[in-house]
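What follows is a set of notes on a single structure, which appears directly below.
Values below: all heavy atoms of this structure, side chains included; hydrogens, waters and symmetry mates excluded.
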Amino acid sequence: MRTHLPGYRSGLPIALVAAGLTTFLLIGCSATDGTPAPTAASAPSATAPKPTADLTLLPTDPAATPKPTPPSQTDTPWGRIWDGLPADFPIYPGVRPTETGQGPASAILDAGTADPGMVMNFYQSALEAAGWITVSSSGPREDGSRELASVNIHPACQLQITVTPLGGSTIVTILFGAGCPFS
């Protein structure tokens with residue numbers, strides 16, 4: 001059975017008319033204004049140029065963060081120390097940095113009215129849990145201070161913590177040896 005468009009007497013099938021219209025539309029839509037189509041030589045490259053040995057590639061990961069620079073070091077009567085503590089060093093809850101005028105340290109912290117024995121127990125337990133070995137633990141001395149000496153798996157990595165009651169506050173002085181890796 002043939003289908004005819006209404007009003008057409010020629011009896012052309014609808015498919016033939018539809019094909020003709022489609023061809024006409026495609027030709028009409030692809031007409032240009034005389035500008036030549038880009039050639040392969042002028043088309044933009046789909047691949048990035050390869051770096052040469054003269055280029056320095058920078059990281060492009062926006063989530064990448066640069067490694068922090070370790071702090072400086074200072075010589076003390078105890079030995080050479082880092083002038084700060086690594087980010088993963090255990091810190092007694094609620095302490096705040098302070099100054100005592102007693103000389104250089106990796107950290108001097110005020111633990112408020114915390115009991116010096118409890119503060120020392122915290123540090124000894126936290127350090128041993130992190131793999132440090134207690135070399136000595138002494139105190140309380142006449143002034144109420146306590147001292148903890150520890151070493152890490154690195155032979156030159158030493159640590160000394162002194163906890164001292166001082167006029168209503170408990171002061172924690174940490175000497176983190178320069179022989180310890182700083183991360």
Side-chain angles (χ1 to χ4, degrees), residues 44-183:
S45 173
T47 59
K50 293 183 179 173
T52 64
D54 296 343
L55 296 177
T56 301
L57 298 177
L58 299 175
T60 57
D61 181 8
T65 56
K67 282 189 165 188
T69 304
S72 58
Q73 297 178 353
T74 300
D75 289 318
T76 71
W78 179 80
R80 191 164 184 81
I81 62 169
W82 287 105
D83 294 330
L85 296 174
D88 62 348
F89 194 87
I91 299 294
Y92 188 79
V95 298
R96 60 186 186 280
T98 191
E99 289 292 325
T100 61
Q102 298 297 313
S106 300
I108 301 174
L109 308 169
D110 184 346
T113 59
D115 176 66
M118 287 179 57
V119 174
M120 183 58 70
N121 288 341
F122 166 84
Y123 278 105
Q124 186 170 356
S125 297
L127 290 168
E128 287 176 354
W132 289 79
I133 300 164
T134 299
V135 175
S136 68
S137 179
S138 61
R141 299 180 183 144
E142 280 184 24
D143 64 355
S145 66
R146 299 165 186 263
E147 188 174 276
L148 174 67
S150 299
V151 295
N152 201 327
I153 59 171
H154 302 282
C157 182
Q158 299 179 20
L159 170 70
Q160 179 180 321
I161 298 178
T162 306
V163 179
T164 308
L166 186 62
S169 287
T170 298
I171 305 299
V172 180
T173 305
I174 302 172
L175 303 176
F176 188 69
C180 297
F182 201 93
S183 55

Side chains of I171 and T98 in contact at under 4.5 Å (non-hydrogen atoms): yes
When every non-hydrogen atom of T76 is compared with those of P104, the smallest separation belongs to CG2-CG, 3.7 Å
Margin query: Quick one: does any side-chain atom of W82 pair with a main-chain N or O of G179 as donor and acceptor, under 3.5 Å?
Written below: no
Taken in chain and number order and not counting sequence neighbours, the residues that satisfy salt bridge (charged side-chain N to carboxylate O under 4.0 Å, His left out) with D75 are R80
What one should report as the nearest heavy-atom pair of A126 and P90 is CB-CB, 3.7 Å
Closest non-hydrogen atoms of F89 and I174, given as atom of the first, atom of the second and distance, are CE2-CD1, 3.8 Å
Please answer whether the main-chain N or O of S145 pairs with a side-chain N or O of T164 as donor and acceptor at a distance below 3.5 Å.
no
Checklist entry - Taking side chain as C-beta onward, heavy atoms only, is V172 less than 4.5 Å from V119? => result yes
In short, salt bridge (Lys or Arg N to Asp or Glu O under 4.0 Å) pairs touching residues 116-143 with sequence neighbours left out are R141-E147
Residues N152 and G131: closest non-hydrogen pair is OD1-O, 4.4 Å
Interatomic distance, CD1@I133 vs SG@C157, rounded to 0.5 Å, equals 10.5 Å
Side chain to side chain contact (heavy atoms under 4.5 Å, CB included) evaluation trace for D110 with V95
CA-CA 5 Å; D110 184 346; V95 298; over 6 Å; no
Open item on the list: I'd like to check S150 versus L148 (side-chain heavy atoms, cut-off strictly below 4.5 Å). Are they in contact?
Closed with: yes
Smallest heavy-atom separation, C180 atom then Q158 atom, equals SG-N, 3.5 Å
Closest non-hydrogen contact found for S137 with Q124 is OG-OE1, 3.7 Å
ask   = Is a side-chain N or O of S106 found less than 3.5 angstrom from the main chain of L175, in a donor-acceptor match?
value = no
* Asked: Taking the six-membered ring for Trp, are F176 and F182 parallel (under 30°), tilted (30 to 60°) or perpendicular (over 60°)?
  -> perpendicular
Heavy-atom side-chain contact between I161 and T173 under 4.5 Å: no
Quick check: does any side chain N or O of Y123 sit under 3.5 Å from a backbone N or O of Y92, one acting as donor and the other as acceptor? yes
Between T134 and S136 (side chain of the first, backbone of the second, donor and acceptor by atom type, cut-off under 3.5 Å), is there such a pair? no
